[in-house]
Amino acid sequence: MENVAIARVLAEIGDLLEIRGDNPFKIRAYRNASQVLLDHPERVSGLAAADLRALPGVGKDIAGRVTELIQTGVSTFHQELAAEFPAGLLDVLRLQGVGPKTAALLFRELQVGSIDDLTRALDSGAVRDVRGMGAGKEAQLRKAIDDHQTFAGRHLASEVWKQAHVLLAHLAEGFPDATFDLVGSLRRGAETCGDLDVLATNAPVDVMAHLVGFGRVERVLGQGATKSSVRLVRGLQADLRLVPAISRGAALQYFTGSKAHNIELRDRALRQGLTLNEYGLYRLDDHASVAGETEAGIYEALGLPWIPPELREGRGELEAARTGHLPTLVERSDLRGDLHCHTTATDGKDSIRAMALAARDAGLTYLAITDHSQALAMANGLDEHRALAHAAVVRGIDDELDGITLLTGIECDIRADGTMDLADDCLAQLDVVVASVHSQLAQDGDRMTDRVLRALECPWVDILGHPTGRMLLRREPSGLDIEAVVTAAARLGVAMEINGQPHRRDLHDVHARWARDRGVRIVLSSDAHGVGGFDHLHWATFTARRAGLRPADILTCQALPDLRASLRRHRGAPA
DNA sequence: GCCGTTTTCGGCCCGACTGTTTTCAGTCG
């Protein structure tokens, strides 16, 4: 059983307990444990009972439920809870403005068990007659159902980033002396965002009216003196918070999150006789302010170094900070080269020369040209003959360029049976080979794993490209057994890619951290298909930072001579 | 239900906005 499946059951237990009105701390315990399993890189079903218990937030009871799930595929506790309420009530719970009390009330008074039931109840006028409801609540529920149908789901971080900067420009135009900071999951470098969070300081209350007047606002969800929410075009919710300048550090900390990180940090504050909110850090006894103007000051007052936002996910970063084990994370400026891009020879939009100059402008000192191989006929993939001719052209252009070195290469398809799409003697004549799966992604897990393991055995494969094949918000990862692949890659000296295309971000941060810990060397790649594509390295860097990677963990942070020597073809398998 | 540099029992993060309730509960982030 996969971790995500176990985590889903635990989370649902939390939801059902909440509708039942159970102990809120018990509900939190199930949700905590769910998140812990989701973040855990190893398959929990393979853990010994003692190791399961050792996971933070997993105690005797939850460990028992997880063990039952692994052994029988179901949890009797979960089934008993689920039998108390219709399954569709959980959809009602997830509507904006509907919490456990409202869901339980609607079920109890009106037998609402699904969103369809709720729609009927609204149409019949029954909802407004329930005590505690009214015409306002009725309208709110109608809007929530409307939004649920139109705007279900999350948004790709790169899309949110674009909208964020248009919004920031609008805000700054109205209030040039104010400071606006992007916070929330976007600042933490997340892959997708549920909403867009902006913090304002040194601004008057009028900034809220200015937000509401923004041309891209479709609907105002709430407007107050310090907090407003709007729905922008494409369904993205934006929240603006206003605090005094003296509280900017505390507010940055607070609104950057994550929730799990903040809860842990507040807990730490309480144990030190302090209380932390978005305005500052205060002593519990006399409410004297201890810190608040800067974010680093908050952490410092709690006896910790400043923690980079990308690490604030409640995955042990506070303990690492306390004991002086925070890594010095890689930065975009540490990247010296890129080993994955495409040109007009296949499905890229720009020439070899244009790509080289763009890479140089992006601060890189080397670039591998890795067009597709013949299996990708749609992309005009290269056969052996064309691949070698293309390499000769790349070498010729390299001779004419200053300030950047071009490497020859290929992104070679891994065929469905695990053989490489180009002959060994062709691959051997190139500087670098990225091996990737592009077809038959729906293969079952065992076949996909065997396929990739076989490809890694090819001695000319230097890098495994976008290992799981996932497309965020579009396509699930393949059934690949990532543990088996990581183990093989470490043994064989094959590097694994963090592909920076905003839809891929593949490897995922949890897997990247795990691969690094097992001795796999990581490569950050743009997979650029045009001169603008080198921006993707920012997203690859975000993922690497979330994984806790340092420059020393990443091959493409090395200068070219060292990089060459580190590639598998020159280094072979580690001893 | 989990957990312990005060604790194996008694805690468990904190504040803003909305709608309806005339003093606050529910929801959200």
Side-chain angles (χ1 to χ4, degrees), chain A residues 10 13-14 17-19 21-36 53-66 77 92-106 127-141 143-144 183-185 188 193-199 205 208 220-230 237-243 247 250-251 253-282 284 302-303 314 319 322-323:
Chain A
L10 294 182
I13 289 176
L17 289 172
E18 195 168 39
I19 295 177
D22 218 308
N23 177 352
F25 300 106
K26 182 166 155 183
I27 293 160
R28 182 195 291 174
Y30 276 97
R31 289 184 175 155
N32 272 345
S34 171
Q35 190 61 48
V36 166
R53 275 294 309 269
L55 294 176
V58 178
K60 183 163 77 67
D61 288 22
I62 290 182
R65 311 228 186 276
V66 171
F77 182 57
V92 176
L93 179 65
R94 286 179 195 114
L95 291 173
Q96 181 88 230
V98 177
K101 306 286 187 195
T102 307
L105 181 69
L106 290 168
V127 171
R128 83 185 68 155
D129 293 336
V130 175
R131 186 176 159 73
M133 299 285 181
K137 200 74 188 173
E138 187 183 84
Q140 189 189 44
L141 288 171
K143 274 199 293 187
V183 288
S185 54
R188 300 199 310 275
C193 303
D195 58 15
L196 164 59
D197 297 302
V198 181
L199 174 66
V205 175
M208 295 301 174
V220 179
L221 302 172
Q223 186 180 351
T226 67
K227 174 184 177 177
S228 295
S229 297
V230 295
Q237 180 175 329
D239 296 335
L240 180 64
R241 296 292 304 245
L242 173 63
V243 299
S247 294
Q253 196 291 313
Y254 184 94
F255 295 117
T256 296
S258 65
K259 186 172 205 158
H261 177 88
N262 282 2
I263 287 176
E264 218 179 317
L265 196 66
R266 292 247 182 72
D267 188 49
R268 181 179 175 83
L270 281 178
R271 280 185 278 121
Q272 296 181 12
L274 301 166
T275 178
L276 179 61
N277 60 30
E278 60 262 58
Y279 300 109
L281 182 66
Y282 305 92
L284 276 174
L302 292 167
E319 178 64 10
R322 190 181 68 80
T323 56

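Residue numbers begin at 1 in each chain, while the letters A, B, ... track the order of the sequences.
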Apply side-chain hydrogen bond (donor to acceptor under 3.5 Å, both in side chains) to Q140(A) and K143(A), showing your working.
CA-CA 5 Å; Q140(A) 189 189 44; K143(A) 274 199 293 187; over 6 Å; no

Contact letters for nucleotides 3-8 of chain B, in which S counts primed atoms plus P, OP1 and OP2 and B counts the base, heavy atoms under 4.0 Å
S-BB--

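- Side chains of R65(A) and Y30(A): a donor on one and an acceptor on the other come within 3.5 Å.
- For K259(A), counting side-chain heavy atoms from C-beta on, the closest listed nucleotide (dA16(B), dG29(B), dG1(B)) is dG29(B).
- Residue Y282(A) places none of its side-chain N or O atoms closer than 4.0 Å to OP1 or OP2 of dG15(B).
- Between the base of dG1(B) and the side chain of N23(A) there is a donor-acceptor pair shorter than 3.5 Å.
- The shortest heavy-atom contact between R268(A) and L302(A) is NE-O, 2.9 Å.
- When distances run from any side-chain atom of K101(A) to the nucleotides dG15(B), dG26(B), dC12(B), the shortest one goes to dG26(B).
- Phosphate contact (OP1/OP2 of dC17(B), side-chain N/O of S229(A), threshold under 4.0 Å): absent.
- Distance check: I263(A) CD1 to N32(A) CG gives 7.0 Å after rounding to the nearest 0.5 Å.
- Rounding to whole angstrom units, OH of residue Y30(A) and C1' of dC12(B) are separated by 17 Å.
- Contact between the side-chain N/O atoms of R241(A) and the OP1/OP2 oxygens of dG29(B) is not found at any separation under 4.0 Å.
- A straight line from NZ of K227(A) to C1' of dG15(B) spans 8 Å, rounded to a whole angstrom.
- Going from atom NZ of K137(A) over to atom P of dC17(B) covers 17 Å, rounded to whole Å.
- Dashed line: the shortest gap from a side-chain N or O of T102(A) to OP1 or OP2 of dT27(B) is under 4.0 Å.
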